[in-house]
Amino acid sequence: MSEMKDIQHIRNIGIMAHIDAGKTTTTERILYYTGKTHRIGEVDDGAATMDWMDQEKERGITITSAATTCYWNKYQINIIDTPGHVDFTIEVERSLRVLDGAVGLFCAVGGVEPQSETVWLQADKYHVPRIAFVNKMDRVGADFFGTVRDMNEKFDQTCVPIQIPAGEGDLFTGIVDLIAMSYRTIVEESLGKEFVDAPIPDDMKAESEKAREKLLEALSDFDDTLLDDFLNERPVDRADVVRAIRKGVIDCKLVPVLCGSSLKNQGVQKLLDAIVEFLPSPQDLPPVKGISVDGKKELVRKPQDDEPATALAFKIATDPHSGKLCYMRVYSGQVKSGSYLLNPSSGIKERVGRILLMHSNKRSDIPVASAGDIVAVIGFRKTTTGDTLCDPKHPILLDLMSFPEPVIWIAIEPKSKVDQDKLLEALAKLEEEDPTFKARINEETGQTIIAGMGELHLEIIVDRMIREFHVQANVGKPSVAYKETISDAVDCEGKFIRQSGGKGQYGHVRIHLEPAQNGTPFVFENSMKGNAIPKEFVPAIEKGIRNAMTSGVIAGYPMTGIKAILLDGSSHEVDASELAFEVAASRALQDGARKAKPIILEPVMDVEIICPEDYMGSVVGDMNLRRGKILGMVPRNKVQVIKATVPLGEMFGYATALRNLTQGRGAYTMQFAKYAPLPVEVSNKMFATTMFN
């Protein structure tokens, strides 16, 4: 991390995929081949370097994104290994926000699985260039070309192999490189560190020539020299092929596809070569854009050390030794230990205590972080996920990050008074770490409610509270995070008038309520003509409406999807106050919501079920009983893949039910799709006699 390093030799990459595609296994091989580690840590043994949390070791899954830095052929590769489970999708989202490139991993047997599509769309959102690695070619049922075909059907970019496997499943022996037109096998005793490049076997020459022809045809769109040589049937130089692939990747129009078996140490060194050859450096991408603090001017920061310092905090972590760790990506300038950065969102200056280069949960101090670096900082007090940090003399606000709303909640109570304070402290720290985790107090019952993205998410949160924060608590059963909205438009009125001798309180508003369009949570407009209400009270009116929306009129669930238009009202020269207008607006919202045909909304999930064909009828029948809607059934490698949407409230305990229906041979994945109206008959049954508790 010297100040003299060449930014062209930096690669900031993430590894993303569906759960069990082999992300962490691949990362472990990368660390081994680059000399970062001296032994390969296996996920199944609970010894993976990047899965350092106790919960990750026990479950064999990645829960939190982990960062590390390694070097390959003089290139510095900053890697973030992300989770594959849908409950932790925020870890992928915020990692992709700060990365320059990504490796999409696909299982050669499973193909493009649901979470693979989700993370791919997240990468599209941030215009992240990608390469693809089809893993597990040694598995029975592996289908490389089927997976590539699946990718081209589901993704917008052209996905084209730059390698093909020599055999599949038990017959997988090596990799044919379509750029060099050579055949690589590994020396097994060296765990893949040593390899042999040889001529392509005779029985694969025809297939390899055909695959190379398709590659060159796809690349001809990206390089005129290559196009000319290809059309005139002249030999195409390797440099032209590499240049064309790199251009297509950086433009997010082309995805080169590699193959291998990380567990068997096949193909990972070729993957490292592809990372440094095809994925961009920070300078290959457009400069980061932001706005001035007043929002009136667009600002640009180039990835250069002589630019004003600009960074984005993308992750907060609680560290038992140093308190709060803030992970940040430096986009421009230099950040030095002991200096100050401005958080323009809050106006607070934060002191950079120590700058750390992370390797999973281990770290080393460095004196300065430069443009392109991903580091952790100790010393920030008020910074949260998504905050911009910049040179105090040159303030800039980068684009904000958006986070999905929690869909499931449970009640949690401390076992003793001693645990009460510990619980509140633990929840505050966990909320700061994870923007998709929420905690609140139910004012009616006094219960503490915690909400998250799924059962596993909340299970991990509770486990961390017990182990890390030593909180003993009683935990309730999971419940669905319902919401309320309105289905009709109404005009409503709210007043708060109190005379008590001396200065009183006076607030009076007339508001129009209607359903918001396109799923927008809340819209406020001021359409008031004249000056019946002084302008300084309008923000208090909006605040009153927002506060009232935290508790709905049917069952006390938070309200969403409401557009509120301030029409009119009245004021008082002496008694008008912000508090009075806030209360008046709150009353208007509650009154109007009752008249506007309120309805309950429930979270609906996208579900993909994989089961043998013999059990398909039972599985579909069970889905129908759960109010599921079957979207399609597709055969895949001797099993059926059933795609459906189903209310989350009907899916508790489904893992056990599916095992019983398929004699243990079925599996499913589930992720949030949308909020939809709860059917009237179900709503009446659930809420006719009971109120939110």
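Computed over heavy atoms, backbone and side chain alike; hydrogens, waters and symmetry mates excluded.
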[X] side chain vs [Y] backbone, donor-acceptor pair below 3.5 Å:
X	Y	value
Asp305	Gln334	no
Glu350	Leu341	no
Ser339	Val335	no
Ser116	Val112	no
Glu307	Arg301	no
Asn135	Ser262	yes
Glu431	Ala439	yes
Arg354	Ile378	no

The salt bridge (Lys or Arg N to Asp or Glu O under 4.0 Å) partner of Glu433 among Arg94, Arg464, Lys324 is Arg464
Inset, instruction - For the pair Leu258 and Phe133, evaluate side-chain contact (heavy atoms from CB on, under 4.5 Å) and give the outcome as yes or no after the intermediate values. - result: CA-CA 5 Å; Leu258 298 86; Phe133 183 72; 4.0 Å; yes
What do the steps show when you test Trp72 against Gln269 for side-chain contact (heavy atoms from CB on, under 4.5 Å), and what is the final call? CA-CA 10 Å; Trp72 182 252; Gln269 296 206 46; 3.2 Å; yes
The salt bridge (Lys or Arg N to Asp or Glu O under 4.0 Å) partners of Arg11 (sequence neighbours excluded) come to none
Residues at least two apart in sequence or cross-chain that pass salt bridge (Lys or Arg N to Asp or Glu O under 4.0 Å) with Asp221, listed by chain then number, are none
- Query: Centre of Tyr32's six-membered ring, under 6.0 Å away, within 45 degrees of the axis: is that where NZ or CZ of Lys193 sits?
  - Reply: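 That pair qualifies as a cation-pi contact.
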Report task. Measure from NZ or CZ of Lys349 to the centre of the six-membered ring of Tyr340, then state whether that distance is under 6.0 Å and the direction lies within 45° of the axis. Result ->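 Judged by the rule (NZ or CZ under 6.0 Å from the ring centre, within 45° of its axis), Lys349 is not positioned above Tyr340.
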How close do [X] and [Y] get, heavy atom to heavy atom, and via which atoms?
X	Y	result
Ile15	Lys23	O-CD, 3.7 Å
Cys390	Pro395	SG-CA, 3.6 Å
Lys289	Val300	CG-CG2, 4.2 Å
Pro129	Cys252	N-SG, 3.7 Å
Glu113	Cys107	OE1-CB, 4.0 Å
Val407	Phe672	CG1-CD1, 3.5 Å

[atom1] of [X]: more than 12 outside heavy atoms within 6.0 angstrom?
X	atom1	value
Gln517	CD	no
Asp224	CG	no
Asp156	CG	no

Exercise. Side chains of Ser281 and Asp284: is there a donor and an acceptor less than 3.5 Å apart?
Worked result: yes
message: Quiz question: by atom type and distance under 3.5 Å, do the side chains of Thr520 and Asn518 form a donor-acceptor pair?
response: no
So that I can tick it off, tell me whether [Y] and [X] are bridged by a salt bridge, with the cut-off set at under 4.0 angstrom between side-chain N and carboxylate O.
X	Y	answer
Arg246	Glu277	no
Asp273	Lys270	no
Lys429	Glu425	yes

inquiry  = Would you call the rings of Trp120 and Phe155 parallel, tilted or perpendicular, taking 30° and 60° as the class edges?
reply    =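 Parallel, since the angle between the ring planes stays under 30°.
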Pick one: which of Val375, Asn78, Leu99, Asp100 meets side-chain contact (heavy atoms from CB on, under 4.5 Å) with Arg329?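 Among Val375, Asn78, Leu99, Asp100, the one meeting side-chain contact (heavy atoms from CB on, under 4.5 Å) with Arg329 is Asp100.
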Which residue, Ile396, Val293, Ile291, forms the side-chain contact (heavy atoms from CB on, under 4.5 Å) with Leu299?
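Result for side-chain contact (heavy atoms from CB on, under 4.5 Å) with Leu299: Ile396.
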- Message: By the salt bridge (Lys or Arg N to Asp or Glu O under 4.0 Å) test, which pairs, at least two apart or in different chains, include something from residues 379-393?
- Response: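 Residue pairs passing salt bridge (Lys or Arg N to Asp or Glu O under 4.0 Å), neighbours aside: none found.
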Discussion item. With side-chain contact (heavy atoms from CB on, under 4.5 Å) as the criterion, how do Ile79 and Cys70 come out once you've worked through the C-alpha distance, each side chain's angles and the decisive distance to 0.1 Å?
Written reply: CA-CA 8 Å; Ile79 303 173; Cys70 57; 3.8 Å; yes
Rounded to the nearest 0.5 Å, the OG atom of Ser337 sits from the CG atom of Leu356 at a distance of 9.0 Å
